[in-house]
Amino acid sequence: MATTGIVLTDVTKTYPDGTVAVGSLSLEARQGEVLALVGPSGCGKSTTLRMVNRLVEPTSGTIEVGGEDVMAADAVQLRRSIGYVIQHVGLFPHRTVAQNVATVPGLLGWDKARTAARVDELLAMVGLPRETYGARYPHELSGGERQRVGVARALAARPSVLLMDEPFGAVDPQGRRRLQREFQAIQRDLGTTVMMVTHDIREAVLLADRIAVLSRGGVLEQLGTPDEVTGAPANDFVEDFLADFDVEPKAS
């Protein structure tokens, strides 16, 4: 898949009962950037993210990943080509750490030597060397360690695009800060295009190149750099959202 990012054009998601989760959203995560989706509960952040890899099917509009329409792709192959990290990780409990990280390469038919080398590389990258952690099972890890394995598994097949839904939300504050720093270093090194959902504007300011602030119904209230969003809120909604996290608008 080409490394050109994620483009949503007039994307909507309406459920059978008439609920509009996302309404006519146009948005782009540029190649190599981290785009954070923020907003209150019920604003369509996770729905938007899940439409990119078709865990949720859009009602209308187009979504392109690497210049290709996701609706024209085989859904299974699409998901294998896109990294996906969620808050509670979703590791296979009866598989070791190494086996969990090897999941997607195995599904893609990588040979054992290539897979083993990639597992070694990624576990070292996330600070869980194989000789120490490879044979452990998820229940033998801390929450932060499990989240690191989740990130390693998502990156295993070298995806050009990574989706992250509250990736550090279940980790204690100290571990969360450490994971955030490690993620920043990994993303800068790999140049992966990342679309992430977070409820915490402070995390978005720390990690993202640009921030998309959404209101209920998936309405885009503001899109800009962290400095632009915090320094010049586009409207009262954005200003109030910042205030909820004690983020004061920066003086211009």
Side-chain angles (χ1 to χ4, degrees), residues 3 5-8 27-41 43-50 52-53 65 82-89 122 125-128 143-155 158-214 220-234 238 241-250:
T3 55
I6 307 166
V7 180
L8 285 71
L27 192 64
E28 178 183 4
R30 299 166 181 160
Q31 178 179 344
E33 83 167 346
V34 178
L35 176 67
L37 309 182
V38 303
S41 297
C43 73
K45 303 185 299 293
S46 292
T47 299
T48 298
L49 195 78
R50 289 161 67 87
V52 174
N53 64 358
V65 174
I82 295 175
Y84 187 51
V85 183
I86 58 176
Q87 179 172 349
H88 295 290
V89 188
L122 282 166
M125 187 182 294
V126 299
L128 301 173
E145 289 168 344
R146 287 193 293 272
Q147 204 68 47
R148 293 189 202 185
V149 176
V151 171
R153 185 176 65 178
L155 294 171
R158 302 182 188 278
S160 61
V161 167
L162 179 64
L163 307 177
M164 306 181 80
D165 195 349
E166 298 282 5
F168 313 123
V171 182
D172 65 87
Q174 184 176 0
R176 183 171 182 152
R177 288 191 294 272
R178 184 166 59 250
L179 280 171
Q180 289 168 340
R181 289 193 297 269
E182 289 170 354
F183 166 73
Q184 280 183 304
I186 291 169
Q187 192 275 333
R188 281 195 295 263
D189 183 56
L190 298 178
T192 308
T193 303
V194 179
M195 182 180 283
M196 70 175 293
V197 164
T198 177
H199 74 280
D200 188 344
I201 186 67
R202 292 165 299 192
E203 181 166 77
V205 167
L206 175 66
L207 297 179
D209 297 295
R210 291 188 302 151
I211 298 171
V213 184
L214 304 179
L220 181 61
E221 299 288 349
Q222 186 169 3
L223 174 64
T225 66
D227 282 346
E228 289 168 345
V229 171
T230 59
V238 178
F241 182 71
L242 293 172
D244 286 342
F245 288 91
D246 295 322
V247 177
E248 294 292 337
K250 294 181 180 178

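Counting begins at 1 with the first residue of the sequence. Only heavy atoms go into these numbers, but all of them, side chains included; no hydrogens, no water, no symmetry mates.
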Chi angles and distances behind the side chain to side chain contact (heavy atoms under 4.5 Å, CB included) call for Q184, L206: CA-CA 9 Å; Q184 280 183 304; L206 175 66; 4.3 Å; yes
Worked verdict on E145 versus L128 for side chain to side chain contact (heavy atoms under 4.5 Å, CB included): CA-CA 8 Å; E145 289 168 344; L128 301 173; 4.0 Å; yes
Check against side chain to side chain contact (heavy atoms under 4.5 Å, CB included), L207 and Q180: CA-CA 7 Å; L207 297 179; Q180 289 168 340; 4.0 Å; yes
Criterion side chain to side chain contact (heavy atoms under 4.5 Å, CB included) on V161 and M195, from CA distance to verdict: CA-CA 8 Å; V161 167; M195 182 180 283; over 6 Å; no
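Counting only distance, with no hydrogens or angles, the side chain of K45 and the backbone of T198 share no donor-acceptor pair below 3.5 Å.
Looking only at side-chain heavy atoms (C-beta outward), T225 and D209 stay at 4.5 Å or farther from each other. Looking only at side-chain heavy atoms (C-beta outward), V38 and E203 stay at 4.5 Å or farther from each other. Using a 4.5 Å heavy-atom threshold, the side chains of M164 and Y84 count as separate. Counting heavy atoms from C-beta on, the side chains of R210 and L223 come closer than 4.5 Å. Between P167 and V151 the shortest side-chain heavy-atom distance does not fall below 4.5 Å. Side chains of L27 and L37 form a contact here, defined as non-hydrogen atoms less than 4.5 Å apart. Side-chain contact between E166 and H199 is present, with at least one heavy-atom pair separated by less than 4.5 Å.
Each of L162, L155, V194 was checked for a side chain to side chain contact (heavy atoms under 4.5 Å, CB included) with V85, and the lone residue meeting it is L162.
Closest approach of V229 and Q222 over heavy atoms only: CA-NE2, 3.7 Å. Across all non-hydrogen atoms, the minimal contact from P226 to A208 is CG-O, 3.4 Å. Closest heavy-atom contact between L220 and A212: CD1-CB, 3.8 Å. Looking at every heavy atom in both residues, Q187 comes nearest to E33 through NE2-C, 4.2 Å. Taking all atoms of both residues into account, the shortest heavy-atom contact from V52 to I82 is O-CD1, 4.1 Å. Closest approach of E221 to A234, counting heavy atoms only: O-CB, 3.7 Å.
Rounding to the nearest 0.5 Å places OG of S46 at 10.5 Å from CD1 of I86. Of the inter-residue distances, the one linking M196 atom CE with D165 atom CG reads 9.5 Å to the nearest 0.5 angstrom.
A donor and an acceptor atom, one from each side chain of T193 and Q31, are nowhere located under 3.5 Å apart.
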